[in-house]
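Below: one structure, written as structure tokens.
First listed ligand is number 1; within each ligand, the first listed atom is number 1.
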Amino acid sequence: MQSALQTRSKLPDVGTTIFTVIARLAAEHDALNLSQGAPNFMPDATLIEDVAQAMRDGHNQYAPMTGIATLREALAQKVETLYGVRYDTSSEVTVIASASEGLYSTISALVHAGDEVIYFEPSFDSYAPIVRLQGATPVPIKLSLPDFRVNWDEVSAAITPKTRMIIVNTPHNPTATVFKDHDMERLKAVTRNTDIVILSDEVYEHVIFDGAKHLSMARDQELAERSVIVSSFGKSYHVTGWRVGYCVAPAALMDEIRKVHQFMMFSADTPMQYAFAAALAQPQSYLGLAAFYQQKRDLLANALRDSRFELLPSEGSFFMLARFRDFSDESDSDFVLRLIRDAKVATIPLSAFYTDGTDSGLIRLSFSKDDATLLEGARRLCSI
Ligand code: GLN
């Protein structure tokens, strides 16, 4: 339809997200999709049955704005058992309509126009646009190659009186690195005696490998007191399309976040909340995830052993980075296009996770796929 209206975009340089672009190309070329961090296998049948049962039981109207009480209780219990801190279920735990909503509500509630928000690149692609929509300034700090660690001296130097928030993400999408004790200590030191809020994206909290411990901000009292922790059921229960997540934060911060959440979504999907409350009563449902995905990581890495790619270590998340620079000078985007067209396998160019398009000759592979898909994907990648 024609419209003569002047659009005046708030995000003139932002296009469609890379995940949608690549998924479309993959479908067009009938390529196998190792790009999106979304499982291609079924969730637990009990979970589906519990959602259906909740619907049959009449739980089909708005849930309470903050989430159903049994789910908030189960979440507070889980966080306390795993990370040792008790969040108050009535004022400090909120069920949200996806971690994406949690990120948006948190940034929108706490970041004012003119503020600065530090985050690390490569990063998930929504952080910076959300900050910009508040009239605030995203301040990207590049993770240092070759191992994508945070350079805390740089963070220290980037902090100004306008810094309102630091966004962290562990396990990290897209680099598959995880925070170490040293990162927690430095983060504490750089934020001490400031009003900086830490927004901690922990959606891969249960997907961490080789026996490592997930360093949630909740593990440390001093960090927890200034942190909003956002997590998701989508990753932990193989249901990324259900769009239910949760966040925990000290009451004063949560108060503000709820003011935005109530007008953006009001509440998250009701029947799913009943099913997740039941699922959380079985801790092995999430405690087994690390081993489950480690097997997938190893299967893919082994199958790529004889390929020309150099694989970077994956410490957590659904992802693994693969370097192709030694055998091709193409840009990572061109390389990814060629993989889709010629090898019929879709991946994500790492440059898509940088605002300045930094290209280090790396692609992101997702191993949140059934074993047959991983083996076939690897076979195709080996043909390059
Ligand atoms: N978090 C997932 C990824 O990084 C998918 C995000 C999306 O498709 N919007 O692949």
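Between the side chains of H206 and Y286, no donor N or O sits under 3.5 Å from an acceptor N or O. Donor-acceptor pairing under 3.5 Å is lacking for the side chains of Y293 and Q295. Side-chain contact of T170 with E202: a donor-acceptor pair under 3.5 Å is absent, judged by distance alone.
For ligand 1, the atoms sitting less than 4.0 Å from at least one non-hydrogen atom of F319 are 3 (C), 4 (O), 10 (O), numbered in the order shown with element in parentheses. The contact set between ligand 1 and K235, taken as ligand atoms under 4.0 Å from a residue heavy atom, comprises 1 (N). For ligand 1, the atoms lying closer than 4.0 Å to a non-hydrogen atom of G37 are 2 (C), 3 (C), 10 (O). For ligand 1, the atoms closer than 4.0 angstrom to any heavy atom of F124 are 1 (N), 4 (O), 6 (C).
Between the E310 side chain and the R323 main chain, no donor and acceptor come within less than 3.5 Å of each other. For T194 (side chain) and I196 (main-chain N/O), a donor-acceptor pair under 3.5 Å exists by modelled atom type.
Under 4.0 angstrom from ligand 1, there are no non-hydrogen atoms of T240.
Using a 30° and 60° split on the angle between ring planes, H238 and F292 fall in the tilted class, from 30° to 60°.
Within the structure, the closest approach of F318 to ligand 1 does not fall below 4.0 Å when heavy atoms are considered.
Nearest to atom 5 (C) of ligand 1 among the protein's heavy atoms is Q36 CG, 3.8 Å.
Considering backbone and side-chain atoms together, F19 places no N or O closer than 3.5 Å to any N or O of ligand 1. When only interatomic distances are considered, the shortest N/O to N/O separation between T17 and ligand 1 does not fall below 3.5 Å.
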Show, in sequence, the C-alpha distance, side-chain angles and deciding distance for W242 and F276, and conclude whether the ring-ring contact (aromatic ring centres under 6.0 Å, His included) test is met. CA-CA 11 Å; W242 288 11; F276 289 132; 5.8 Å; yes
